[in-house]
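What follows is one structure encoded as structure tokens, with my remarks underneath.
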Amino acid sequence: MIEAQQLTKRYGETTAVDRLDFTVRPGTVTGFLGPNGAGKSTTMRMIVGLDAPTHGTVTVNGRRYAEHTAPLQEVGALLEAKSIHPGRSAFDHLMAQAYTHGIPRRRVEEVIGMTGLDSVAKKRAGAFSLGMGQRLGIAAALLGDPATVMLDEPVNGLDPEGVLWIRNLLTGLASEGRTVFVSSHLMSEMALVADHLIVVGRGRLLADTTVEELISQAGGDTVQVATADPARLREVLAGPGIEITGRVGSEELQVTGMEARAIGLKAAEAGIALFQLTAKALSLEEAFMELTRDAVEYHGTTETSGSAA
Ligand SMILES: Nc1ncnc2c1ncn2[C@@H]1O[C@H](COP(=O)(O)OP(=O)(O)OP(=O)(O)O)[C@@H](O)[C@H]1O
């Protein structure tokens with residue numbers, strides 16, 4: 001469990017983290033989302049005591065990081081720019097950490113197996129690919145068998161197989177009852193792995209919600225339908241809580257408040273042929289963009305075209 005109360009970090013004029021209140025609970029994967037410069041890394045550094053808050057507190061399993069007698073057994077973290085001695089092997093790197101924290105060699109072998117590093121464990125870490133380096137960082141985070149696991153942008157630079165591996169690892173750790181806190185600036189990635197989302201922008205809390213809630217708030221239940229007779233389809237689908245939009249003269253309609261399956265069945269009952277019946281999959285990414293629009297540090301100059309709804 002991670003609990004932040006009024007957590008604030010200022011660097012001179014910049015307020016990197018601004019009065020954040022949130023709780024990360026065990027047994028689920030919590031995504032920590034925000035555009036570049038939103039304050040995610042700074043928050044994570046404060047969680048593991050690498051930065052001191054200017055104001056407010058953050059605790060792991062009920063205590064500040066520095067107050068834990070065996071912090072590695074409480075929280076394992078993969079932070080960006082992890083420094084690993086390039087001449088040392090993965091095995092030696094993990095053994096050195098294990099030794100200084102009273103962790104047995106057996107656990108080092110276990111985490112090497114868990115992260116798929118068996119075949120390269122004796123090679124110099126300096127020769128590791130980005131993906132292998134990430135795996136080694138995760139192995140180090142898991143070394144103390146911690147109840148809380150925190151990873152900063154773990155999928156950055158990974159190939160599809162590596163991304164899938166991280167996804168399975170995270171859901172597996174959560175199903176063992178651990179607290180899993182993972183940052184990303186990619187909504188699409190988080191939507192696949194996280195149950196709960198904490199969204200920040202310019203250091204402020206923008207949302208603390210479940211993925212389902214965010215989807216429904218974003219109109220994720222919008223279904224795109226196309227038919228030769230949109231006017232009749234409108235009549236057939238009309239009802240309380242159902243909103244139907246579409247351009248005049250277009251065969252396409254956007255329906256919210258009714259699932260694709262129900263729309264298909266109603267159209268079939270009325271003998272209306274549908275050419276298209278698509279649940280709008282992009283809405284989650286759009287919701288994130290909308291939520292963080294004012295919080296993006298550097299806007300590009302390219303205009304993106306809005307949806308035709
Ligand atoms: N040591 C520091 N000194 C001065 N400013 C800093 C320092 N660390 C972070 N900042 C600033 O604080 C803000 C938040 O940065 P942070 O790295 O925490 O964001 P982030 O959400 O992790 O971004 P990214 O997704 O790009 O990693 C930024 O404006 C950044 O420039």
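Each ligand, and each atom within it, is numbered from 1 in the order the structure gives. All heavy atoms count here, side chains included; hydrogens, waters and symmetry mates do not.
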Measure across Glu153 and Ser183 and return the closest heavy-atom pair with its distance rounded to 0.1 Å. N-OG, 3.0 Å
Side chain or backbone, does Gly37 bring an N or O within less than 3.5 Å of an N or O on ligand 1? yes
Considering both backbone and side-chain atoms of Gly34, is one of its nitrogen or oxygen atoms within less than 3.5 Å of a nitrogen or oxygen in ligand 1? no
Which bit of Arg202 is near ligand 1, meaning a heavy atom under 4.0 Å away: side chain, backbone, both or neither? neither
For ligand 1, which atoms have a heavy atom of Arg45 less than 4.0 angstrom away? 8 (N)
Checking side chain to side chain contact (heavy atoms under 4.5 Å, CB included) against Val75, which of Thr179, Asn61, Thr148 comes through? Thr148
Tell me which donor-acceptor pairs under 3.5 Å the side chains of residues 38-48 have, and how far apart each pair is, sequence neighbours excluded?
unit_1 : atom_1 : unit_2 : atom_2 : d
Lys40  : NZ     : Gly34  : O      : 2.8
Lys40  : NZ     : Pro35  : O      : 3.1
Ser41  : OG     : Glu80  : OE1    : 3.3
Ser41  : OG     : Asp152 : OD2    : 2.9
Thr43  : OG1    : Gly39  : O      : 2.7
Arg45  : NE     : Asp51  : OD2    : 3.1
Arg45  : NH2    : Tyr11  : OH     : 2.9
Arg45  : NH2    : Asp51  : OD2    : 3.2

Who's closest to atom 15 (O) of ligand 1 heavy-atom-wise, of Thr14, Val200, Val17, Thr42? Thr42
Quick one: which ligand 1 atoms are inside 4.0 Å of a heavy atom on Ser41? 17 (O), 18 (O), 20 (P), 22 (O), 27 (O)
Show which side-chain atoms of residues 124-140 pair as donor or acceptor with protein atoms under 3.5 Å away, not counting sequence neighbours.
unit_1 : atom_1 : unit_2 : atom_2 : d
Ser129 : OG     : Met132 : N      : 3.2
Gln134 : NE2    : Pro154 : O      : 2.8
Arg135 : NH1    : Thr115 : O      : 3.2

Determine, considering heavy atoms only, which of Leu33, Asn36, Asp51, Thr15 sits nearest to atom 26 (O) of ligand 1. Asn36
Salt-bridge test for Arg64 and Glu67: reply yes if a basic N is under 4.0 Å from a carboxylate O, no otherwise. yes
Exam field: side chain Thr14 to backbone Arg10, donor-acceptor pair closer than 3.5 Å: no
